[in-house]
Amino acid sequence: LLAGNPRARCRRAMTVRLAHALSVKGDRQQYVPARLHWTPTGPEAAAVAVHGTADLVAGAQADGAVIIPPGTAAIRAGSFLPFRLWRPLR
């Protein structure tokens with residue numbers, strides 16, 4: 001799946017609250033790079049500005065990706081979504 005790893009080798013997805021409203025295009029599942037922020041009520045994800053699929057700077061700024069379900073066009077702030085970390089938490 002991600003990076004060509006089978007599902008069993010991927011880090012488990014965690015559930016996070018979306019900090020800001022988000023809109024996406026297309027009918028497929030999408031992975032939106034985001035940073036995690038810890039709040040008193042739990043983890044919150046804020047999307048990182050991306051300038052194309054090969055934006056390495058955005059990827060380096062992100063802690064992982066919010067997973068957007070297929071067929072979703074808009075998501076309200078405060079919605080809970082799965083988030084896959086790109087590296088271990090410290």
Side-chain angles (χ1 to χ4, degrees):
L1 293 167
L2 291 176
N5 285 323
R7 185 177 300 274
R9 292 201 48 211
C10 292
R11 287 187 182 91
R12 291 178 50 187
M14 59 191 288
T15 301
V16 299
R17 190 173 352 91
L18 196 58
H20 307 285
L22 187 64
S23 62
V24 294
K25 296 178 182 176
D27 294 342
R28 60 181 170 40
Q29 179 168 293
Q30 297 187 42
Y31 296 85
V32 176
R35 295 208 58 160
L36 282 183
H37 302 281
W38 298 94
T39 70
T41 58
E44 193 171 79
V48 173
V50 177
H51 304 285
T53 57
D55 188 347
L56 297 177
V57 173
Q61 292 173 342
D63 294 312
V66 175
I67 303 169
I68 310 297
T72 303
I75 304 165
R76 294 186 314 243
S79 297
F80 289 91
L81 294 168
F83 181 87
R84 187 152 330 256
L85 286 166
W86 287 348
R87 55 187 157 266
L89 291 175
R90 294 176 201 208

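Heavy-atom contacts from other residues, nucleotides or ligands closer than 6.0 Å to NE2 of His37 number more than 12.
Leu56 and Trp86 are assigned to two separate hydrophobic clusters, defined by single-linkage of ILVMFWY side chains at heavy-atom distances under 4.5 Å. Using a 4.5 Å cut-off between side-chain heavy atoms of Ile, Leu, Val, Met, Phe, Trp and Tyr, with links allowed through other members, Val50 and Val66 fall into different hydrophobic clusters.
Between Leu22 and Ile68 the shortest side-chain heavy-atom distance falls below 4.5 Å.
Residues Arg17 and Gly78 come closest through the heavy atom pair CG-O, 3.4 Å. Looking at every heavy atom in both residues, Ala19 comes nearest to Ala77 through O-CB, 3.8 Å.
Although no hydrogens or angles enter the test, the distance criterion places no donor-acceptor pair under 3.5 Å between the side chain of Arg35 and the main chain of Val48.
Considering Val16, Val32, Ile67 in turn, Val16 is the only one that fulfils the side chain to side chain contact (heavy atoms under 4.5 Å, CB included) rule with Phe83.
From Asp63, atom CG reaches atom CG of Leu36 across 5.0 Å, with rounding to the nearest 0.5 Å.
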